[in-house]
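Take a look at the structure below.
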Amino acid sequence: MSLFSKYLKGWQFRANRPTLEPGSEIDVFVAETNGTSGRAYIGDTELIVNGAGPETVEKQVRVRVTDFDETTATGQGDLLEVVGESSYSG
Amino acid sequence: MSENGTTSPGDDPSDQFIGGETEDSPRVEFYGGRGMSAFPIGFFIVWAIVQTALWRIGDTGGLIVGILIGLIVGMFFVRGNWQSYANTIFEGMTQPVAVTAIVAWIWAGMFAQLLQDGGFVGGLVWLADTAGIGAALFPAITFVLAAVFTTGIGTGYGATVAFVGLFFPAGVLLGANPVLLFGAILSGAIFGDNLAPVSDTTIVSAVTQDADIGGVVASRFKYVIIAAAIAFVGYVIAGGAMSGLEIGAEAQAIFLESSEAIGLVHVISMLAVIGAAIAGRHIVEAISWGIVLAVVFNLAFGLTTLGDIVMFNAPSDAPLSEPLAGLPILTVVEEADAVGVTGSLMNGVAGFLELSILVLLIIGAAQIMIRGGAFESLLEWSIENLATNVRNAELTMVGSAALINAIITINTAAEVAIGPYISKIGERFNLNGYRRANILDGQTAAMGYIFPWSGGVLAGYSAMQRLPREYDWFSESMLVTPIDVVPFVFQGWLLVAVFVVAALTGFGREYIIDRQSEEVARV
């Protein structure tokens, strides 16, 4: 991305509930878990991450989106791997 | 690590979701709970309001007494060993951020004094008079120049000190409203502190949110420029509506007559500082180059003598005072009161000695609040109760960053303290590093220059208190009481407002899925 386009990026209003594309792979932070699956919030969109246990909470994980319902802004996805740490953990 | 498909799509596991635990227990315990650790800072703020706002005493020494009493009384609320309380004060006082601020003040103080003594103010007055810039436009122009200067050198504190010493007297003499002028200088400092890639708050905001500095600056431009455009219009309108002080026509005429264009040679000194800072030089080195150039110009153009820059006033009975009396930097004085070191360099430093002590003590008290848990409990409460959806989360980030920065005098210290909480709230909603860094630094820059106990306002006021000694026409009554400037720091209030609107509307919001910040260039 050129320097100039960086300055133009973000001059827009972004939705509280962004849509997710089934089949796409995204990196998200997992907010909480029930032990076997986790939940990530992308804005007010909720994504259940299958396979995200306690070790993934507050970590950034790569998820393949398997299902998304635009009317309720909720989706499902499968955990692929942990890709990053939170910036406040250390 | 990947373990797919353990929960079927129909399950709703929401009831059992548990977040992560990251907080350590507080190290200093207080009777009355964690909130009591805010006592020293709280006491100081009340003292500062009573002293500076209600009784209109702008004495830094008085504020030192206020924070000392707060720290002493706070100790009696400590549960268990008092040593940890004392050690925490030291821990706070030895943080690099406090020393960085002090260094910026002292270096900028010397630089500004050299320019002042070298006739730069006279040069500005001459230029404004010749170009026909009247009192009404002066605050708006000052805002723009302070913004450019701060963006160049990266230290809003240093820029405030320099501009209060140079542009403030010029503007007051030309008939601009002093309160508005001070507000315009602080606004310019906020603009630069927020946007400059070399500003310490910019760097802290980027590093704590795992974002690259270049990307952070580019992405925050939109918020800063919107606030600045409105602030500029505000200064133009208010400049026309608010009248200046009555300076005796005779004094004005005398100063105007003695104002010469040659003082403007120091524009080069200022450009040298900006150039060195932009070239990546450390701020100490950048301002030092400005100081060296200013000394050379002052001597080469006969603007001051060497003795005006530094002068030893020695008693006649000192061993080597009489034999070396011919030196241009030595004066033999008869009266004991006259003994001492004077000159631009000394005067430049002197105004900030008390302030430096005050700031160290405040940072010590702030550390008590952090280690005692008041800070944590406030933020934990806001995360649990306020950040319920993305809009509220962003509003909570704006509010908590603004509140902590309004309380802790040195904004970089406040930013370091709250950075982890901003990332915690933001990451929960997958806001990207740029958005988090921008929300954090917007409030940090703004709140550091608004309230009477804010570092920027204290520094500017300290610089202002020297002016009556510099100019015959500048009387004590022309000083701006810090509380009066609060509503006129347009850039600060507008920047906070822009972020509130941005949180409500989603303007500028970016999620991690939209764009990830690049790797941080750690400094």
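A, B, ... follow the sequence lines: proteins, then strands. Residue 1 opens every chain. Note that this is a predicted model, so its numbers are computed, not measured.
- Counting heavy atoms of neighbouring residues, nucleotides and ligands inside a 6.0 Å radius, atom CD of A/Q12 exceeds 12 of them.
- By the 4.0 Å N-to-carboxylate-O rule, A/E58 lies too far from B/R428 to be salt-bridged with it.
- Using a 4.5 Å cut-off on side-chain heavy atoms (C-beta onward), B/N389 and A/N16 make no contact.
- Between the CZ atom of A/F29 and the NZ atom of B/K424 there is a distance of 13.0 Å, given to the nearest 0.5 Å.
- Counting only distance, with no hydrogens or angles, the side chain of A/K9 and the backbone of B/R515 share no donor-acceptor pair below 3.5 Å.
- Atom CD of A/E25 sits in a crowded spot, with more than 12 heavy atoms from other residues, nucleotides or ligands closer than 6.0 Å.
- For B/R436, the part lying under 4.5 angstrom from a heavy atom of chain A is the side chain only.
- B/F429 pairs with exactly one of A/T45, A/I42, A/D44 by the side chain to side chain contact (heavy atoms under 4.5 Å, CB included) rule, that one being A/D44.
- In this structure a side-chain-to-backbone donor-acceptor pair under 3.5 Å is present from B/N430 to A/Y41.
- In terms of heavy-atom proximity, A/R14 sits nearest to B/Y511 at CG-CE1, 3.6 Å.
- Inter-residue side-chain proximity for A/L8 and B/F221 is flagged as unmet; no heavy-atom pair is nearer than 4.5 Å.
- With a threshold of 4.5 angstrom between heavy atoms, B/F507 approaches chain A through its backbone and through its side chain.
- For the residue pair B/E510 and A/G10, the shortest heavy atom distance occurs at OE2-CA, 4.5 Å.
- Atom OG of A/S24 is separated from atom CD1 of B/I513 by 8.0 Å, given to the nearest 0.5 angstrom.
- With hydrogens and angles left out, the side-chain atoms of A/Q60 and B/Q516 include a donor and acceptor closer than 3.5 Å.
- Of the atoms belonging to B/L504, not a single heavy atom falls under 4.5 Å from chain A.
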